[in-house]
Amino acid sequence: MILSNLFKKKYKAAFILIVFAFLFESNNSVLASEYAFSKIPYELLENANSVYRVNNKEIIIDGPASFTIKREIAVTVLNENGENSGKIAIHYDDNSRARFRSGEIYDGNGNRITRIRRRDLTDRSNISDFSLYEDSRILKYVPRISSYPYTVRYEYEVSYSRGLFHAIFFYPARHFNASAQKASLQISYPSEHKISYKEFNLEDDAYEKQIGGNEKQIKWDFKNIEAVRSEYLSPKIYNLAPAVIFASKEFEFEGYLGRGNSWKDFGKWIWSMNQGRQKLPENRVNYLKEKASQYEDDRKKVKSIYKYLQSRTRYVNISLGIGGMQPVDAKTVDQNNYGDCKALCNYMMAMLKAVGIDSYYTLIKAGVGEYDFFENITVSQFNHVILCVPLQNDTIWLECTNQHIPFGYIGSMNDNRPVLIIKEDGGHLDKTPAFKPKENIQNINATIKLDKQGHGKASINMDFGGMYLSRLIPGLRMSENDRKRWLYRNFSFPNYTIEKHNVSIAEGSSPVASLEMDISLRSFANKTNQRLFIKPNLVSANRSSPPRNRNRNNPFELKFENSFSDTINIVIPQGYIIESSPPDYSFKSKFGEYNSQIITKENKVLYIRNFESHNGYFSADKYHDYYNFYQKINRVDNQNIVFRKE
């Protein structure tokens, strides 16, 4: 009887396992058919390197001090250009916990190739190359699949033990050349909690509902979002495809409670974290007062202390916990002589305070051309800190992380964009100055002496201003040999050898960086028995054009206005005369203005070229005109002057 009962129990257990396995395989076969390549609508394949079969994001806000993000993604990789879409990258830090739930890879027919387990993901530090230490980490998985198409499906969640104080973007189709079959964004939050969001290119409204008595939920559903083709100079994808940006209006980080109802509120939160962190050692205060006493003019005092900051500190990022938001105190920076952007700005602010000059910690989104800003999303959209110093007749903006830039120069990383100035009464929106076209300069003066073999010796002086000044900054901090190697990598002349070189900066209201070089040019002229052929534009010739884009879909954006000038003196070798030279040219369009001329006198040829580019936002049908404008410049720039033996 006992044996019979044992047999029945074993049989029952085996039966349950068989049923479970059958159900699992049945479910897997359903998924298999769902992820078959044949199930993708044709219109989602056009312009696509990958298709998001599922792209679901759920954000659960527990309250000001914690939230969770859950993700379910299934993406079909169509070709090698879509491989990045199939990679798994899960970011977390000491204030969060990541859980990888499950993952599988399917072939083109929707058959499962393999499972992805937690142990298959690498867990490594995600420290930035400019950081000494960060607590940022990443779980990563790269599929090793040799045939296309294939589908990667996975689920994970990250729970945060801090508030959501920054904006979050959601894209149904996550990037250019990707489409989405199904996608959703769902946000759950306590009824008393406040959120804000902005929608881009949506046809259907989100729906909001009450869940029980204490929770609200808002959700967006998306279906069959076609791919947007990546095209030269396209604006950011949220201008062209569906997207949602979302923010929480209440957040807490390590005991600091903040609100994002307005920029004033958000600024008060930043101010509260910075309080009590400007105290300097007494001996440093005395030194600074003595240093400032040498000047009556406040601008000169600020410049003197800024140069002192540059001379004794260096940029090192240490981002641990609240250190990602709160500056290291000024006394510690004074002792260690290093800090990140927050710490160095706070230190500079403390030094100016010691000599009676007010300045303000200022949040900014740094990056070349990163001008986008959403004024109604009143939480952090920033990644950097600079210092604002308002004087009686001027406002000085200081980039405190670079030891070599001129006083008051903030560069193309920080120009012409909204900033949040932090004061005791809260945040104040302002904007950094834009470089004017006549400040964004690249001016070249050169003299080239040709010999009868077509070789040349050139003395070149190149001036860079505005956004181009930073092009020479790396050369300032190098040894002579390192700088020489750097010049070879970054400046292209035909078959040249550097004989002498120097890099310098002239400071002022519009600082200019200068590069002086003496170089030899081997076979600068193409030589035949009787003639020498040269292209006179040594530096700025437009030898490449924008891609053609015959069937342009997207509008395009020109973000910068520039001014280039070239003055090239060419000394003709004895025994040669000018046989032919290009005519003068002058033309303009909505994209810019160009003119060039050649002046001959005795044994010299003077080539003068000026080009100004314009900025603007243009519809796709204007791209053909833009392309033709640069094609014309290309043709003109590459014409020859011909010298003939007498």
When rounded to the nearest 0.5 angstrom, what is the spacing between [atom1] in [X] and [atom2] in [Y]?
| X | Y | atom1 | atom2 | result |
| --- | --- | --- | --- | --- |
| His175 | Asn49 | NE2 | CG | 8.5 Å |
| Cys345 | Leu363 | SG | CG | 9.5 Å |
| Leu344 | Asn337 | CG | CG | 10.0 Å |
| Arg485 | Glu480 | CZ | CD | 11.0 Å |

Can any side-chain N or O of [X] pair as donor or acceptor with the backbone N or O of [Y] at less than 3.5 Å?
| X | Y | value |
| --- | --- | --- |
| Gln186 | Ile218 | no |
| Thr122 | Lys140 | yes |
| Asn346 | Pro327 | no |
| Ser159 | Thr68 | no |
| Asp482 | Met478 | no |
| Ser412 | Val368 | no |
| Tyr306 | Glu399 | yes |
| Ser470 | Ile473 | no |
| Thr362 | Tyr360 | yes |
| Lys365 | Gln381 | no |

Under a 3.5 Å threshold, yes or no: a donor from one side chain and an acceptor from the other, between [X] and [Y]?
| X | Y | answer |
| --- | --- | --- |
| Thr432 | Asn414 | no |
| Ser510 | Glu439 | yes |
| Thr401 | His384 | no |
| Gln403 | Tyr315 | no |
| Asn95 | Arg162 | no |
| Ser96 | Asp93 | yes |
| Arg71 | Asn55 | yes |
| Ser248 | His193 | yes |
| Trp220 | Glu199 | yes |
| Asn201 | Tyr238 | no |

Can Arg174 be said to sit on top of Phe169's aromatic six-ring, NZ or CZ under 6.0 Å from centre and within 45° of the ring axis? no

Regarding Lys289 and the six-membered ring of Tyr287, is the cationic atom NZ or CZ under 6.0 Å from the ring centre and inside 45° of its axis? no

Please evaluate residues Val302 and Leu352 with respect to the criterion side chain to side chain contact (heavy atoms under 4.5 Å, CB included), reporting the C-alpha separation (whole Å), side-chain torsions for both, the decisive distance (0.1 Å), and the verdict. CA-CA 7 Å; Val302 176; Leu352 291 176; 4.1 Å; yes

Taking salt bridge (Lys or Arg N to Asp or Glu O under 4.0 Å) as the definition, give me every residue that meets it alongside Asp297, ordered by chain and number, with sequence neighbours left out. none

Considering residues at least two apart in sequence or located in another chain, which fulfil the salt bridge (Lys or Arg N to Asp or Glu O under 4.0 Å) criterion with Asp463? none

Output field: ring centroids [X]/[Y] closer than 6.0 Å:
| X | Y | result |
| --- | --- | --- |
| Phe253 | Trp269 | no |
| Tyr171 | Phe200 | no |
| Trp397 | Tyr409 | no |
| Tyr160 | Phe165 | no |

Salt bridge (charged side-chain N to carboxylate O under 4.0 Å, His left out): which pairs involve residues 269-286, sequence neighbours left out? Arg284-Asp334

Under the side chain to side chain contact (heavy atoms under 4.5 Å, CB included) criterion, do Lys57 and Lys70 qualify, and how do the steps go? CA-CA 6 Å; Lys57 187 171 199 171; Lys70 295 183 178 181; over 6 Å; no

Should the pair Phe560 and Tyr371 be assigned to parallel (<30°), tilted (30 to 60°) or perpendicular (>60°) ring geometry? perpendicular

Tell me whether [X] is salt-bridged to [Y], with the criterion being a basic N under 4.0 Å from an acidic carboxylate O.
| X | Y | value |
| --- | --- | --- |
| Asp298 | Lys300 | no |
| Glu612 | Lys438 | yes |
| Glu370 | Lys236 | yes |
| Arg137 | Asp123 | yes |

Under the salt bridge (Lys or Arg N to Asp or Glu O under 4.0 Å) criterion, do Glu252 and Arg259 qualify, and how do the steps go? CA-CA 9 Å; Glu252 184 180 332; Arg259 300 189 185 281; over 6 Å; no

Take Asp340 and Lys342, measure what salt bridge (Lys or Arg N to Asp or Glu O under 4.0 Å) needs, and give me the verdict at the end. CA-CA 5 Å; Asp340 63 7; Lys342 301 180 297 297; 2.7 Å; yes

Side chain to side chain donor-acceptor pair (under 3.5 Å) between Ser565 and Asn443: does it pass, once the steps are laid out? CA-CA 5 Å; Ser565 75; Asn443 296 336; 2.8 Å; yes

